[in-house]
Amino acid sequence: MLIKTYSCALMGVAAIPITIEVNVETGISFFLVGLPDSAVKESQQRIDTALKQNGYKIPGKKIVINMSPADIRKEGTAYDLNLAIGILIASEQIKGVEKVGDYYIMGELSLDGRILPIRGALPIAIEARKRGMKGIIVPADNAHEAAIVSDIEVLQAENIREVIDFFDKGKALKQIKVNTREEFQKSLCNYEFDFADVKGQQNIKRALEIAAAGGHNVILIGPPGSGKSMLAKRLPSILPPLTLSEALETTKIHSVAGKMSRYSSLISVRPFRAPHHTISDVALVGGGSNPQPGEISLAHNGVLFCDELTEYKRQTLEVLRQPLEDRCVTVSRSKYSVNFPASFMFVAAMNPCPCGNYNHPRIECTCGQGVVQKYLNKISGPLMDRIDLHVEVLPLSTDELAMTPTGESSASIRERVVKARKIQELRYHDYPDIHCNAQINSKLLRQYCAIDTEGLTLMKTAMDRLGLSARAYDRILKVARTIADLVGSENIEGEHLSEAINFRSLDRDNWGK
């Protein structure tokens with residue numbers, strides 16, 4: 001008997017429909033074709049044992065299973081449940097021919113028949129709705145995630161016996177329903193860290209507020225223990241809240257990467273990813289034989305924080321250059337290529353020198369002449385060119401450390417950031433790929449960041465006296481535009497330029513010498 005069941009394969013952050021044809025006839029053999037990988041081929045042993053544990057078996061007949069389209073490689077263990085149900089129905093051990101085609105069936109089988117979680121339940125559910133399927137059957141661990149998608153049935157199963165009884169005896173599977181907007185609002189702006197807990201460091205808070213308001217990349221440089229990592233961790237708390245569409249897009253990426261927990265349904269706070277400096281370039285940008293999203297895609301719509309920047313391998317840092325510019329990464333293979341979104345704020349932190357005490361107010365630096373500059377040169381010019389704000393972080397005094405935190409709360413700062421972002425949304429309304437000042441190109445820079453004669457004089461003086469590089473010019477104008485937006489100024493004034501110039505520490509010729 002020939003029957004067809006349906007599932008999905010993942011390609012990038014999208015799901016591709018897979019038709020699984022199972023034919024059982026007279027003979028003794030088992031063929032699984034359609035470009036399956038080793039994990040799919042090994043499903044025969046998992047299915048055989050799981051069925052025996054539940055009173056069924058793979059029949060001793062000729063079984064041919066084709067996974068179509070046959071030119072797409074099928075990878076992973078998520079097809080186990082689908083293959084098992086297909087074999088049982090095709091061998092007439094159970095009923096269900098009339099309704100098995102209405103559902104996408106996904107799940108990995110353990111040897112006792114339990115259904116284990118899979119990756120990509122959300123894009124699979126989206127594809128099911130798109131194809132007009134009645135619903136999907138997924139492991140219980142993935143049900144809340146898939147239930148974000150409305151207008152389809154999301155049925156959860158703990159073990160294969162429940163699925164068998166659903167098709168054979170008509171016993172209902174538990175249907176999971178999620179009110180997406182309610183779930184989204186419930187945990188919106190629920191942050192672990194708050195700027196109110198930070199003592200002092202007003203200039204650093206100001207720099208991060210500007211960075212958040214304009215979507216600017218920022219590097220924090222200062223001695224160990226000055227608070228660089230602590231401040232960076234609080235940056236997501238002042239970013240504008242995720243919109244529902246951004247939350248869905250972010251959740252989709254984390255679903256494909258298998259980062260969703262059992263009862264999580266929707267990511268409603270901006271992600272903060274902080275990979276260790278030993279990370280490989282593939283793990284950072286994504287890839288592999290079956291391309292998976294990397295850390296930069298997991299940070300999509302959020303923050304990528306690279307602590308101890310100079311300790312990263314130079315090759316690893318260089319692969320960031322194109323994603324920082326294009327806000328996406330393309331992973332190409334011989335037969336196909338996939339695009340992973342990567343629109344994130346890049347925040348880096350580093351020590352100013354090998355001993356860490358250059359410019360320390362109380363401890364003398366022990367590094368020799370030229371050592372500081374050599375240390376900074378570990379970061380290439382093109383990468384630094386993509387960082388708008390260079391912020392020097394100095395350690396607090398003993399008196400400042402002893403005082404009670406009285407800083408402004410993240411919620412208060414976020415209000416100003418949101419107001420500035422709304423100004424930018426209106427300004428760039430006609431440019432769908434541009435959402436904030438950091439993303440504007442040279443043409444828009446001349447149009448929206450024009451400065452008067454006084455401003456030009458100030459810029460010329462800064463370039464000459466501070467030895468600022470030419471690449472700093474555009475970055476200063478973008479940051480000045482954001483500072484002006486924060487105070488609601490239509491034009492860039494001299495004071496806005498002056499503040500922006502102060503955030504280019506590493507461009508100064510005398511820094512590190």
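Keep in mind that this is a model prediction, so the values were computed, not measured.
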Student: Are the side chains of R234 and D197 in contact, using a 4.5 Å heavy-atom criterion?
Tutor: yes
Student: How would you list, by chain and number, every residue that makes a side-chain hydrogen bond (donor to acceptor under 3.5 Å, both in side chains) with R321, sequence neighbours excluded?
Tutor: E318
Student: Mind checking salt bridge (Lys or Arg N to Asp or Glu O under 4.0 Å) for D194 and listing every partner two or more places apart, or none if nothing turns up?
Tutor: none
Student: Could you tell me whether a side-chain N or O of E108 sits under 3.5 Å from a main-chain N or O of A78, the two making a donor and an acceptor?
Tutor: no
Student: Listing request: all salt bridge (Lys or Arg N to Asp or Glu O under 4.0 Å) pairs with a residue in residues 301-311, at least two apart in sequence or in separate chains.
Tutor: none
Student: Considering non-hydrogen atoms only, spot the tightest contact between V331 and G286 and give its length.
Tutor: CG2-O, 4.0 Å
Student: Check step by step if side chain to side chain contact (heavy atoms under 4.5 Å, CB included) holds for N351 and T310.
Tutor: CA-CA 8 Å; N351 295 327; T310 51; 6.0 Å; no
Student: Say whether, by atom type as modelled, one donor and one acceptor occur between the side chain of K228 and the main chain of P223 under 3.5 angstrom.
Tutor: yes
Student: With sequence neighbours excluded, tell me which residues meet salt bridge (Lys or Arg N to Asp or Glu O under 4.0 Å) with R446.
Tutor: none
Student: Any chance the side chains of T482 and N437 put a donor and an acceptor closer than 3.5 Å?
Tutor: yes
Student: Report yes or no: does E249 contribute a side-chain atom to a donor-acceptor pair with the main-chain N or O of S245 at less than 3.5 Å?
Tutor: no
Student: Once ring pair (Phe, Tyr, Trp, His ring centres under 6.0 Å) is applied, do any residues pair with H144, and if so which ones, sequence neighbours excluded?
Tutor: Y263
Student: Regarding Q424 and R481, is there a side-chain donor-to-acceptor distance under 3.5 Å anywhere?
Tutor: no
Student: Should P17 and R131 count as side-chain neighbours, where that means a heavy-atom distance under 4.5 Å?
Tutor: yes
Student: Sequence neighbours left out, what pairs pass salt bridge (Lys or Arg N to Asp or Glu O under 4.0 Å) with at least one residue falling in residues 456-466?
Tutor: K460-D464
Student: With the threshold set at 4.0 Å, does a side-chain nitrogen-carboxylate oxygen contact exist between E192 and K233?
Tutor: no
Student: Please check if the side chain of H254 supplies one atom and the backbone of L298 the other of a donor-acceptor pair under 3.5 Å.
Tutor: yes
Student: Assess whether side chain to side chain contact (heavy atoms under 4.5 Å, CB included) is satisfied between V418 and K422, documenting all intermediate values.
Tutor: CA-CA 6 Å; V418 170; K422 287 181 178 178; 3.8 Å; yes
Student: Is there a salt bridge (Lys or Arg N to Asp or Glu O under 4.0 Å) between E408 and K205 once you walk through the steps?
Tutor: CA-CA 9 Å; E408 191 176 13; K205 294 178 186 177; over 6 Å; no
Student: Report the distance from atom CG of D452 to atom CG of N491, rounding to the nearest 0.5 Å.
Tutor: 8.0 Å
Student: I want to check something: taking the side chain as every heavy atom from C-beta on, are I221 and V393 in contact at a cut-off of under 4.5 Å?
Tutor: no
Student: Where do N301 and L242 land on the side chain to side chain contact (heavy atoms under 4.5 Å, CB included) test, with the steps shown first?
Tutor: CA-CA 8 Å; N301 290 323; L242 282 171; 3.9 Å; yes
Student: Show the nearest heavy-atom pair for residues F195 and S237, with the distance to one decimal.
Tutor: CD1-OG, 4.0 Å
Student: Applying ring pair (Phe, Tyr, Trp, His ring centres under 6.0 Å), can you list everything that pairs with F305, at least two apart in sequence or on another chain?
Tutor: F272
Student: Would you find a donor on one side and an acceptor on the other, under 3.5 Å apart, between the side chain of N441 and the backbone of K443?
Tutor: yes
Student: Name all residues meeting the side-chain hydrogen bond (donor to acceptor under 3.5 Å, both in side chains) criterion together with R206; count only those two or more places apart in sequence or in a different chain, and write none if there are none.
Tutor: E499
Student: Is it the case that the side chains of S332 and S337 hold a donor-acceptor pair, with the cut-off being a distance below 3.5 Å and no angle test?
Tutor: no
Student: Where is the tightest heavy-atom contact between V303 and P236, given as atom of each residue plus distance?
Tutor: CG2-CG, 4.1 Å
Student: Treating K74 as the side-chain partner and G34 as the backbone partner, does any N or O pair qualify as donor plus acceptor under 3.5 Å?
Tutor: yes
Student: What distance do I204 atom CD1 and E209 atom CD have between them, rounded to the nearest 0.5 Å?
Tutor: 13.0 Å
Student: Rounded to the nearest 0.5 Å, how far apart are NE2 of H300 and CZ of F344?
Tutor: 11.0 Å
Student: Could you check whether any side-chain heavy atom of R414 comes within less than 4.5 Å of a side-chain heavy atom of P240, counting everything from C-beta outward?
Tutor: no
Student: For K378, is the NZ atom crowded, meaning more than 12 foreign heavy atoms sit under 6.0 Å from it?
Tutor: yes
Student: Is the closest basic N to carboxylate O distance between E415 and K419 below 4.0 Å?
Tutor: no
Student: Would R119 and E75 pass as an ion pair if we require N to O under 4.0 Å?
Tutor: no
Student: Partners of Y428 by ring pair (Phe, Tyr, Trp, His ring centres under 6.0 Å), sequence neighbours excluded?
Tutor: Y448
Student: Would you say CD of Q315 has more than 12 non-hydrogen atoms from neighbouring residues, nucleotides or ligands within 6.0 angstrom?
Tutor: no
Student: Within a strict 4.5 Å, meaning less than it, do heavy atoms of the P293 and I253 side chains meet?
Tutor: yes
Student: For C436 and R421: C-alpha separation, side-chain torsions, deciding distance, then whether side chain to side chain contact (heavy atoms under 4.5 Å, CB included) applies.
Tutor: CA-CA 7 Å; C436 56; R421 283 288 184 106; 4.2 Å; yes
Student: At what distance, to the nearest 0.5 angstrom, does CG of L304 lie from CG of L284?
Tutor: 6.5 Å
Student: Do you know which two heavy atoms are closest between I387 and N217, and how far apart they sit?
Tutor: CG2-O, 3.8 Å
Student: Indicate yes or no: at least one non-hydrogen side-chain atom of S489 is less than 4.5 angstrom from one of H496.
Tutor: yes
Student: Restricting to non-hydrogen atoms, name the atom on P123 and the atom on V13 that form the minimum distance, rounded to 0.1 Å.
Tutor: CB-O, 3.8 Å
Student: For S7, what residues pass the side-chain hydrogen bond (donor to acceptor under 3.5 Å, both in side chains) criterion, not counting sequence neighbours?
Tutor: none
Student: Which heavy atom in A70 sits nearest to a heavy atom in L35, and how many Å separate them?
Tutor: O-CB, 3.4 Å
Student: Looking at CZ of R181 and CG of L244, how far apart are the two atoms once the value is rounded to the nearest 0.5 Å?
Tutor: 5.0 Å
Student: Using a strict 4.0 Å threshold on nitrogen-to-oxygen distance, state whether R386 and E325 make a salt bridge.
Tutor: yes
Student: Is there a donor in the side chain of N357 and an acceptor in the side chain of E364, or the other way round, less than 3.5 Å apart?
Tutor: no
Student: Look only at the side chain of N377 and the backbone of Q373, and say whether a donor-acceptor pair between them is shorter than 3.5 Å.
Tutor: yes
Student: Quick test of your reading: applying salt bridge (Lys or Arg N to Asp or Glu O under 4.0 Å), list the pairs with at least one residue in residues 426-442, sequence neighbours left out, ordered by first then second residue.
Tutor: R427-D485
Student: Report yes if the side chains of I296 and F340 come closer than 4.5 Å at any heavy-atom pair, otherwise no.
Tutor: no
Student: Go through the structure and list residues passing side-chain hydrogen bond (donor to acceptor under 3.5 Å, both in side chains) with S268, not counting sequence neighbours.
Tutor: S187
Student: Quick one: are M459 and I501 in side-chain contact, heavy atoms under 4.5 Å?
Tutor: yes
Student: When rounded to the nearest 0.5 angstrom, what distance separates CD1 in I219 from CG in L383?
Tutor: 8.0 Å
